[in-house]
Amino acid sequence: MSQLFSPLQLGGLTLSNRIAVSPMCQYSAQDGLFSTWHLQHLSSLAMSGAALVMIEATNVSADGRICEGCTGLWSDEHGRSLADVLTGARKAAGNISFGIQIGHAGRKGPTQIPWQGGKPLTPDQAWTAVAPSPIPLAEGWPTPKEMTLADIAQFKRDCVDATRRALAAGVQVIELHAAHGYLIHQFMSPLTNYRSDQYGGSRENRMRLPLEVIAELRAIVPRTHALGARITATDWMPDGIQEADCAVFARELEALGTDYVCVTSGGLILTAPIKIAPGYQVAFAAAVKKVVTKMAVRCVGLIAEPLQAEQVIGSGQADQIAMARAFLDDPRWGWHAAEKLGVKIDLPPQYARAHHSLWPGAKLVRP
Ligand SMILES: Cc1cc2nc3c(=O)[nH]c(=O)nc-3n(C[C@H](O)[C@H](O)[C@H](O)COP(=O)(O)O)c2cc1C
């Protein structure tokens, strides 16, 4: 009996397995609008065998983008572009849940699109970045503007508006991006937050913004859906966020009724010495699982082998696995994992007719 292919209750959703496609920026939006690229990308992933597809980090305001190609939800037109894409992608495959990550890049934008160089842009080339404190990401990056209390209040309203639009577009899972060095993570880490008001200083103050946002989102995300957050286990820096901070944050999120956390790390300091290896963040998820009771815990990071994923779930280290690169490399990863683990899953009838077991006289050997 595969544990990876067993059902998972995520908030009000019952997912048919524990595989999620991790959110992945496509840098293919025009003025923040979802495009035909997103339609084909998400339609393809809807037939990946994963029960949940998380849509890329989508920004709550235009100045919250990493670059021009990032998606946004700062107007109703943006919401409609997402609704169109989801309607199309759902036609491709029935039994799929879509979630979205909402976020703000803070001092990690604006940049060129990665494949156009990814270099930082100055305010006259794009927009002025905002952050909890005026500390540039690295040498050669512009200094962000320190957010005022009014800016923070606006950011919270933007998160609520973006979430309402995502829900209206048919998204079933809302995930607050509190990791990878983006705005909320910048508030949470002592390395990037030098504020002296109620949003800086103590850990309690640094956690205030994400907890306030989650409380507001909990009030509008229906219990039939799921609300989660992507959180940081460690900054991989001596004076940054540590696993003990992550445990406290996870418990606070749980107390507010958050349905799940996805545990990741790094991204705040470009030179941080991250120890990357297969499954390198599983232990972080397992540590969070030990301190929460109701909330589901998702893990991510160089999990690409079906047996490895099965072992993580089977050993109880996490409730759900997210994978990013493996799904771009093989958009049918879930089908192939099921086969490897001896699990029978339903394929769309249009494709089931072409299954390799039906090829006369030919044998498919997967690498
Ligand atoms: C092309 C690409 C885009 C990504 N965009 C996002 C994103 O929008 N939000 C996010 O939290 N992580 C993003 N990530 C990180 C992944 O979600 C994931 O956490 C990371 O790649 C580790 O998982 P993997 O080893 O399975 O790829 C991105 C990764 C890739 C490769």
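We count ligands from 1, going down the list as the structure has it; atoms in each ligand are counted the same way.
- Here Lys145 pairs with Asp151 in a salt bridge; the nearest charged N to carboxylate O distance falls below 4.0 Å.
- Checking side-chain atoms of Arg195 against main-chain N and O of Ser133 turns up no donor-acceptor pair under 3.5 Å.
- Between Trp74 and His78, the two ring planes are tilted [angle within 30° to 60°].
- Enclosure of atom CH2 in Trp127 by more than 12 non-hydrogen atoms of other residues, nucleotides or ligands within 6.0 angstrom is indicated.
- For Gln101 (side chain) and Met54 (main-chain N/O), no donor-acceptor pair under 3.5 Å exists by modelled atom type.
- Within ligand 1, counting atoms from 1 as listed, the ones closer than 4.0 Å to a heavy atom of Ser22 are 16 (C), 17 (O), 18 (C), 19 (O).
- For ligand 1, the polar-atom distance check against Leu328 finds no nitrogen or oxygen pair separated by under 3.5 Å.
- Among all protein heavy atoms, the one lying closest to atom 21 (O) of ligand 1 is Ala324 CB, 3.6 Å.
- In this structure, Thr264 has no heavy atom closer than 4.0 Å to ligand 1.
- In terms of polar-atom proximity, defined here as any N/O pair under 3.5 Å, Val300 makes no such contact with ligand 1.
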Begin from the C-alpha positions of Val130 and His104 and carry the test side chain to side chain contact (heavy atoms under 4.5 Å, CB included) through to its verdict.
CA-CA 10 Å; Val130 295; His104 188 300; 3.7 Å; yes
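- The side chain of Arg230, and not its backbone, has at least one atom closer than 4.0 Å to an atom of ligand 1 (non-hydrogen atoms only; side chain from C-beta on).
- Protein heavy atom at the shortest distance from atom 6 (C) of ligand 1 is Pro23 O, 3.0 Å.
- The closest approach between any non-hydrogen atom of Ala326 and ligand 1 is not below 4.0 Å.
- From the protein, the heavy atom lying nearest to atom 9 (N) of ligand 1 is Gln101 OE1, 2.7 Å.
- Taking a cutoff of 4.0 Å between a charged side-chain nitrogen and a carboxylate oxygen, Arg298 and Glu175 qualify as a salt bridge.
- Residue nearest to atom 4 (C) of ligand 1, selected from His177, Gln281, Gln26, Met24: Met24 (by heavy-atom distance).
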Kindly determine whether Leu268 and Met237 satisfy side chain to side chain contact (heavy atoms under 4.5 Å, CB included), including the steps that lead there.
CA-CA 10 Å; Leu268 187 80; Met237 299 289 288; over 6 Å; no
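- Test Asp235, Ile274, Leu137, Leu191 against Ile269 for side-chain contact (heavy atoms from CB on, under 4.5 Å) and you get one pass: Leu191.
- Looking only at heavy atoms of the protein, atom 1 (C) of ligand 1 is closest to Cys25 O, 4.0 Å.
- Considering backbone and side-chain N/O atoms, Leu302 comes within less than 3.5 Å of an N/O atom of ligand 1.
- Atom 31 (C) of ligand 1 has Arg325 CG, 3.6 Å as its closest protein atom, hydrogens excluded (heavy atom only).
- Close approach of ligand 1 to Gly301 (heavy-atom distance below 4.0 Å) involves ligand atoms 22 (C), 23 (O), 25 (O).
- Shown in contact with Met323 at under 4.0 Å from a heavy atom are these atoms of ligand 1, numbered in order with element: 26 (O).
- Exactly one residue among Ile55, Leu45, Ile96 makes a side-chain contact (heavy atoms from CB on, under 4.5 Å) with Val21. That residue is Leu45.
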